[in-house]
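Protein chains get the first letters and strands the later ones, always in sequence-line order, with residue 1 at the start of each. What's counted below: heavy atoms across the whole structure, side chains too, no hydrogens, waters or symmetry copies.
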There are 4 protein chains.
Amino acid sequence: MKKRARTKHTPRAEKTRARLVDAAIDEFAEFGFHNSKISNIVARAGVTQPTFYFYFDTKEAIHEYLVERVRMELTGLIETARIPATTPASDVMDKLRNAIEVFLKYFEENPKLAPIGYFDGIKSSAIREEIVALVSRNIAFEQGAGYCRPELDPVFMSHCYNGSLERLIRVYLLSGQYDAHALAEKVANLYGYGSVPKSFFDSTAGEHNNLKS
Amino acid sequence: MKKRARTKHTPRAEKTRARLVDAAIDEFAEFGFHNSKISNIVARAGVTQPTFYFYFDTKEAIHEYLVERVRMELTGLIETARIPATTPASDVMDKLRNAIEVFLKYFEENPKLAPIGYFDGIKSSAIREEIVALVSRNIAFEQGAGYCRPELDPVFMSHCYNGSLERLIRVYLLSGQYDAHALAEKVANLYGYGSVPKSFFDSTAGEHNNLKS
Amino acid sequence: MKKRARTKHTPRAEKTRARLVDAAIDEFAEFGFHNSKISNIVARAGVTQPTFYFYFDTKEAIHEYLVERVRMELTGLIETARIPATTPASDVMDKLRNAIEVFLKYFEENPKLAPIGYFDGIKSSAIREEIVALVSRNIAFEQGAGYCRPELDPVFMSHCYNGSLERLIRVYLLSGQYDAHALAEKVANLYGYGSVPKSFFDSTAGEHNNLKS
Amino acid sequence: MKKRARTKHTPRAEKTRARLVDAAIDEFAEFGFHNSKISNIVARAGVTQPTFYFYFDTKEAIHEYLVERVRMELTGLIETARIPATTPASDVMDKLRNAIEVFLKYFEENPKLAPIGYFDGIKSSAIREEIVALVSRNIAFEQGAGYCRPELDPVFMSHCYNGSLERLIRVYLLSGQYDAHALAEKVANLYGYGSVPKSFFDSTAGEHNNLKS
DNA sequence: GATGAATGAGGCTTCATTCAT
DNA sequence: GATGAATGAAGCCTCATTCAT
């Protein structure tokens with residue numbers, strides 16, 4: 001919050017700024033925030049160091065900018081991914097999978113940017129909290145609609161989802177092993193039906209509803 | 001692989017070394033590896049910088065030592081947490097919960113050390129892979145014993161578990177919100193039975209077995 | 001081979017760079033390379049340490065730059081110091097003296113710089129070899145012209161010259177005891193006529209040509 | 001001049017001390033004084049660092065000890081290498097060669113130790129001065145005996161000799177290219193008769209005696 | 001808007017040397 | 001006589017950041 005009285009937006013300036021942002025994405029993606037260097041960023045962007053400081057106050061600033069960008073885009077997606085109340089029972093799994101897929105697609109389409117905002121340290125913990133809150137609201141809604149076991153804690157579930165997805169994104173999605181659709185399906189299957197075979201349900205019928213959650 | 005091939009280790013040395021290790025744990029826990037400083041570590045330990053280099057070659061070295069320590073202790077725990085084949089059906093959930101609880105307990109009892117080895121960046125990715133491999137072996141074993149849906153991919157499941165737990169540890173365990181036992185129970189319930197209400201199982205009977213996993 | 005591939009060089013930069021070079025010459029001259037400190041160099045130059053690294057990568061780098069500079073200048077001089085083939089016999093000693101004088105003058109005029117390049121350790125051994133090679137070529141040429149005993153090994157002679165001069169420069173020239181001209185004359189006299197009195201030549205006539213050289 | 005109240009000389013102590021000295025010779029020979037490390041010396045000697053300080057006060061101390069040792073041995077040799085006054089004219093060159101050979105032999109037989117004392121920086125300049133003084137005394141003596149041109153400056157000549165030999169030792173002797181005897185012969189030939197062909201002496205008769213030296 | 005040049009601050013590491021046993 | 005452990009003192013170098021043009 002020092003200067004930033006930037007008012008002009010010539011096309012040339014926009015271009016330079018964009019080059020810096022792209023360069024920063026590449027740099028952060030390759031080295032992470034802590035091992036990134038402004039000298040590398042400006043080299044990638046083909047400008048000099050003072051130019052960087054013309055557009056951003058600090059190294060943190062451009063990182064925060066990226067994190068914020070991810071936050072906005074990601075929360076926007078989540079908010080629209082609620083399972084419609086009118087969903088017929090037979091489509092629940094599809095809808096669940098779809099909600100997950102929307103989230104994964106963002107990472108698939110922004111393989112460098114998204115991890116910066118979502119994985120990279122302290123700043124991204126805020127965004128994760130926000131995502132968790134949104135997802136938990138969706139879950140609560142789905143519970144109200146009967147698509148989800150009501151005794152489960154939505155926030156808790158949301159953290160589980162997010163934690164898993166965070167890992168799965170790295171291991172399966174960014175590596176190209178699975179695409180968003182396939183991965184979402186696998187996740188939905190596991191989270192939807194659990195791991196315990198159906199046969200056990202009978203022998204332990206009703207029990208799982210009694211577990212305090 | 002430079003020095004430290006010394007043979008003798010006086011009690012005094014062990015004490016100093018231990019002080020350095022403890023100090024490093026505190027420092028890494030507080031600042032993370034990247035923002036940690038050797039000067040801080042030695043200050044916490046009450047020794048001078050050269051003394052640090054008497055015991056460890058670099059800052060990386062002591063960090064690796066800690067990561068390795070966590071890896072050893074954690075893999076040791078996992079290896080012994082297999083659900084016994086003789087487990088009666090009615091105890092499956094208890095056993096599952098117990099396996100998770102063992103893992104969580106390690107973090108509960110080593111709230112500073114464990115995260116260093118498990119969360120902190122690149123070096124810990126190896127350890128996570130190893131844990132995942134172990135857990136997936138346990139899962140496969142449980143599938144063989146009929147405690148787990150056979151169509152699920154053990155490695156995939158293992159990543160889901162681990163990802164969730166990683167998050168839950170931070171949010172619920174290290175914050176003191178839940179203890180290892182309670183948290184394990186919640187996780188087991190979700191992972192064991194899934195989120196979809198039992199009522200849906202009837203209407204979508206057999207379907208979830210058809211989902212390719 | 002890191003940076004310093006910059007293209008532009010403002011006058012200001014040239015000035016700073018020159019100040020650093022001069023400071024380095026003084027520092028190396030006073031303490032030698034091993035006991036020199038970058039902190040001293042920048043203090044002499046009136047700049048900060050990072051400024052040093054803006055112009056040179058390491059302490060070694062600036063030293064190599066100086067050695068290279070001496071090598072260039074010195075080899076340039078040597079290459080033009082060949083005794084002309086048309087020299088009448090009576091002028092041979094003058095020409096020999098002159099060739100030596102040219103070399104000495106460089107040290108006389110660059111009393112701080114020249115020794116850095118010529119005396120200072122390992123890097124300067126290469127330059128000495130080069131000088132020796134050049135001088136030996138001149139000697140061979142002079143042998144062809146009849147100004148030098150043909151049975152002498154030019155490379156060997158060249159090393160003798162150089163070794164002597166290296167010492168004489170330190171002892172007589174840099175101390176101000178002799179100037180280049182006077183010193184060259186003394187050297188030429190000794191190397192030209194040897195130490196054995198002429199009277200012995202008669203009694204041992206022809207013998208010295210039989211010594212295997 | 002700190003402690004050094006060492007009185008006892010048990011055989012074990014002598015052995016340890018000798019091991020340290022040998023180790024130091026190796027270390028200095030390999031790296032030179034400035035790049036040598038006490039840690040390396042004691043490692044070579046198979047003892048610990050405090051043990052080093054039990055025998056020598058500082059790193060400089062052991063180096064000085066070695067330089068002094070070389071000085072003693074070398075000056076002892078020089079002092080006995082004077083050409084006897086009764087030498088017949090026909091043997092002058094042999095005697096000159098022999099004097100040189102004695103000096104070279106020391107380096108041949110102590111290829112690691114001798115250079116430490118003779119080449120290594122500031123401390124060795126004193127020893128060189130002493131050698132030069134001794135040699136010049138020998139030369140003056142030889143002038144008195146008529147074996148050397150009387151108009152030449154003995155000290156100057158001595159420096160020339162020494163400078164050349166210093167170089168020749170490194171280039172030809174320590175490399176194994178020539179042995180002490182052969183090298184001495186080459187040097188004697190050059191220094192005894194000079195480089196100018198005998199034929200020039202006639203045409204420039206008497207001239208070289210007029211050169212001020 | 002952009003540049004070449006410069007700086008402040010601080011971290012890592014090494015090494016000769018000494019303490020306590 | 002010798003050892004394991006510890007220290008004081010520096011030096012090199014890097015990086016984010018700013019000055020002057």
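At F/dG1, none of the side-chain N or O atoms of D/Y55 fall inside 4.0 Å of OP1 or OP2 (strictly under the cut-off). Remark: D/T16 is not in phosphate contact with F/dG1, judged by side-chain N or O atoms under 4.0 Å from OP1 or OP2. Remark: B/R17 is not in phosphate contact with F/dA5, judged by side-chain N or O atoms under 4.0 Å from OP1 or OP2. Within the 4.0 Å cut-off from OP1 or OP2 of E/dA5, not a single side-chain nitrogen or oxygen of C/T51 is found. A/R12 has a side-chain polar atom (N or O) that falls below the 4.0 Å cut-off from OP1 or OP2 of E/dA2. At E/dA5, one or more side-chain N or O atoms of C/T10 fall inside 4.0 Å of OP1 or OP2 (strictly under the cut-off).
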Mind listing the side-chain donor-acceptor pairs of residues 60-67 of chain C below 3.5 Å, one per line with the distance, residues two or more places apart or on another chain?
from, atom 1, to, atom 2, distance (Å)
C/E60, OE1, C/T58, OG1, 3.4
C/H63, NE2, C/D120, OD2, 3.3

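In this entry the distance linking CG of D/N40 with P of E/dT14 reads 13 Å, nearest Å. Rounded to an integer number of Å, the gap from B/N35 CG to F/dC15 C1' is 14 Å. Here E/dA6 presents its C1' atom at 11 Å from CZ of C/R19, a figure rounded to the nearest Å. Put simply, NZ on D/K15 is 15 Å from C1' on F/dA2, counting in whole angstrom units. Atoms NE2 (A/H63) and P (F/dA16) sit 13 Å apart, rounded to a whole Å. Look at CZ on D/F31: it is 11 Å from P on E/dC15, rounded to the nearest Å. Straight-line distance from the CZ atom of A/F54 to the P atom of F/dT17: 17 Å, rounded to whole Å. In this structure, C/H34 places its NE2 atom 12 Å from P of F/dC12, rounding to the nearest Å.
Scored by the side-chain hydrogen bond (donor to acceptor under 3.5 Å, both in side chains) test, A/E130 finds A/R71 as partners (sequence neighbours excluded). In this view, C/E73 and C/R69 satisfy the salt bridge (charged side-chain N to carboxylate O under 4.0 Å, His left out) rule, not counting sequence neighbours. The side-chain hydrogen bond (donor to acceptor under 3.5 Å, both in side chains) test applied to B/T51 returns B/T48, not counting sequence neighbours. Shown here are the side-chain hydrogen bond (donor to acceptor under 3.5 Å, both in side chains) partners of B/R44, two or more places apart in sequence or in another chain: B/E27, B/E30. Applying the side-chain hydrogen bond (donor to acceptor under 3.5 Å, both in side chains) test to B/K112 and every residue at least two apart in sequence or in another chain returns B/D26. In terms of the side-chain contact (heavy atoms from CB on, under 4.5 Å) criterion, C/A43 has no residue partners (sequence neighbours excluded).
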Requested in this report: Any chance you could lay out the side-chain contact (heavy atoms from CB on, under 4.5 Å) test for A/I116 and A/V70, step after step, and finish with the verdict?
Outcome: CA-CA 8 Å; A/I116 294 170; A/V70 171; 5.7 Å; no

Requested in this report: Dump the intermediate steps for side-chain contact (heavy atoms from CB on, under 4.5 Å) on C/V47 and C/F52, then the final yes or no.
Outcome: CA-CA 8 Å; C/V47 298; C/F52 176 91; 5.7 Å; no

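Taken together, the paired segments of DNA chain E that extend over three or more consecutive Watson-Crick or G-U pairs, each closer than 3.5 Å at both contacts, are E:2-21 with F:2-21.
Minimum heavy-atom separation, A/S36 to A/F28: OG-CE2, 3.2 Å.
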Can you name the atoms? Protein N/O to nucleotides 10-12 of chain E N/O, anything below 3.5 Å, with the distance.
from, atom 1, to, atom 2, distance (Å)
E/dG11, OP1, B/K37, NZ, 2.9
E/dC12, OP2, B/I38, N, 3.1

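Side-chain proximity of D/A13 to the nucleotides E/dT18, F/dG1, F/dT7 is greatest for F/dG1. Comparing E/dT7, F/dA5, F/dT7 by their nearest atom to the side chain of C/P50 picks out E/dT7.
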